[in-house]
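First comes the structure, then the notes that go with it.
Since the structure is predicted, the reported quantities are computational estimates derived from the model, not experimental observations. Note that ligands are numbered from 1 as they come in the structure, with each ligand's atoms numbered from 1 the same way. Position 1 is the first residue of the sequence, and the numbers go up from there.
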Amino acid sequence: MDSIKVVGGRELKGVIPISGAKNAALPLMIASLLTEDTLTLSNVPRLRDVAQLTQILMNHGVDYSVNGKRSGQDDLDGQTVHLTAREIVDTTAPYELVSKMRASFWVIGPLVARMHEARVSLPGGCAIGTRPVDFFIEGLEKLGADIDIDAGYVVVKAPGGLVGDRVEFPKVSVGATHTIMMAATLAKGETEIVNAACEPEVADLAACLTAMGAKIEGAGTPVIRIQGVDRLHGAHHAVVPDRIETGTYAMAVAMTGGEVLLRGTRANLLDTALDTLREAGTEITEVPEGLKVYRNGNGIQPVDVTTEPFPGFPTDLQAQFMALMTMAGGQSRITETIFENRFMHVQELARLGAQIHIDGNTAIVDGVSTLRGAPVMATDLRASVSLVIAGLAAEGETTVNRVYHLDRGFERLEDKLTRCGAQIERISG
Ligand code: UD1
């Protein structure tokens, strides 16, 4: 398995193009199952999860094509893909495909909405907690589906089609919101989703579904109302910029110093995280091309954070922020409320010299003046990148082993960082 070698201690200077959001691209691609027409998506990132989902969609009968590179295009510009589900040939999403990525489970919504049946393997994904699917099941049952669990598969049937109803989630879930929203677009009558996720990726999916002919109000707020329609049609939609990639590189600059333009992103996708970074001593200004990030002269200040659903501080930036706090001038407390097992990076950061103690779902971080490079192991997607950015700031050489997860969610990380002066290389293994 590949590893990444980083020689730390260099400031980052230059421009980093921000890719389209993985967490938006995946549900948008799944939305193609809802129509027999072509859905064209631009600004799609080149990621392993995108390739993996393509396999799953093709298995259902989706035709997939991707535009070639155009003259004048940067290698790091997003790709344009065309997805056509003219005929759904198979309503089963098999274990071999779904077990690699949790989001592939979300095909269950469009499949049952359009085909009135689906058989989808229980999901896999990052090992950051139990991540059950009870909200999906209860939500689809509310819309009139019959559900059985059979040999590791969720089997859904709605012979007469789904029927709109009120679906209230006990806890905010991004995936369940995407799935029920997609399912409701083709249900009879009105569906009201209460305690819906407000993440920008939900609003992005709703914008695309609306362009496809869906009737949706309130996406991006806790109550979403969907008026079912008989059919959806094709559309063209550009994927929203990746707020997690944006925050990750901003934190890298906060750690190493220097000045970087994060091109093609927007502050309003991650205001809370940017405010937290400002408190920690990072200067961030919005410019027409994106966000300019540099460290002010006061060093890294300790700041306490608690992860929360949007618009709170995202759990997907928790590991990266912890990496930053390991070098703060004092103690910070980082509390994880979304996933119960998301501190696996702690022991790896400790190998670089970080001082972190865990107390329940809070990590207490005592900043140190220097980290020292060491071999470390990537555990999940966001944890992996936290080790890379810690390595960029550490003295000497850090090797991040098992970077498989990084390729799931960060497009050409080494290239983007190398362009800004980092000494980083991939070692194939
Ligand atoms: C999505 C993101 C992931 C992010 C997470 C939280 C994608 C592809 N992934 O994951 O990067 O970390 O949101 O912002 O967009 N839960 C249940 N029952 C369910 C569903 C969820 O108990 O049926 C719980 C989960 O265990 C977790 C919480 O709800 O504790 C939130 O999870 P959820 O928002 O569903 O995460 P994902 O959609 O899988």
Within a radius of less than 6.0 Å around [atom1] of [X], do more than 12 heavy atoms belonging to other residues, nucleotides or ligands occur?
X	atom1	value
R225	CZ	no
K142	NZ	yes
R48	CZ	yes

* Ring center gap for Y95 and Y153 short of 6.0 angstrom ->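 Between Y153 and Y95, which both carry aromatic rings, the centre distance is not below 6.0 Å.
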* To do: Verify the distance criterion only: is there a donor paired with an acceptor across the side chains of E336 and T315 at less than 3.5 Å?
  =>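 Per modelled atom types, E336 and T315 side chains form a pair under 3.5 Å.
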* State whether E411 and R46 are salt-bridged, where the test is any N-O pair (Lys NZ or Arg NE/NH1/NH2 against Asp/Glu carboxylate O) under 4.0 Å. =>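 A salt bridge links E411 with R46.
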Tell me the contacting part of [X] for ligand 1: side chain, backbone, both, or neither, using a 4.0 Å heavy-atom threshold, strictly below.
X	result
E201	neither
W106	side chain
T315	side chain

* To do: Would you check if V194 and F169 make a side-chain contact, meaning some heavy-atom pair closer than 4.5 Å?
  =>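 Heavy-atom side-chain distance check fails, nothing below 4.5 Å.
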Please report whether ligand 1 has a polar contact with [X], defined as an N or O pair separated by less than 3.5 Å (distance criterion only).
X	value
L26	no
K171	yes
G175	yes
A103	no

* **T91: side chain to side chain contact (heavy atoms under 4.5 Å, CB included) partners, not counting sequence neighbours** =>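 Per chain and number, T91 pairs via side chain to side chain contact (heavy atoms under 4.5 Å, CB included) with I88, M115, E117.
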* Nearest heavy atom to atom 35 (O) of ligand 1: which of A197, P132, S173, A21 does it belong to? ->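 Among A197, P132, S173, A21, the closest heavy atom to atom 35 (O) of ligand 1 comes from S173.
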* Counting heavy atoms only, which of V172, D316, N23, V174 is nearest atom 31 (C) of ligand 1? ->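 It is V172 whose heavy atom sits nearest to atom 31 (C) of ligand 1.
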Output the list of atoms in ligand 1 that are nearer than 4.0 Å to some heavy atom of [X], sorted by atom number.
X	answer
R102	20 (C), 39 (O)
V133	23 (O)
F136	20 (C), 23 (O)
I338	27 (C), 30 (O), 31 (C)

* To do: State which residue, out of I226, V202, V223, fulfils the side chain to side chain contact (heavy atoms under 4.5 Å, CB included) condition with I193.
  =>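 Of the listed options, the one satisfying the test is I226.
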* Output every pair passing salt bridge (Lys or Arg N to Asp or Glu O under 4.0 Å) with a member in residues 197-220, not counting sequence neighbours, ordered by first then second residue. =>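 Residue pairs with at least one partner in residues 197-220: E201-R243.
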* Asked: Below 4.0 Å from any atom of ligand 1, is there a heavy atom belonging to R342?
  ->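 Under 4.0 Å: yes for R342.
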* **Test item, F169 contacting ligand 1 (heavy atom, 4.0 angstrom)** =>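 False for this residue.
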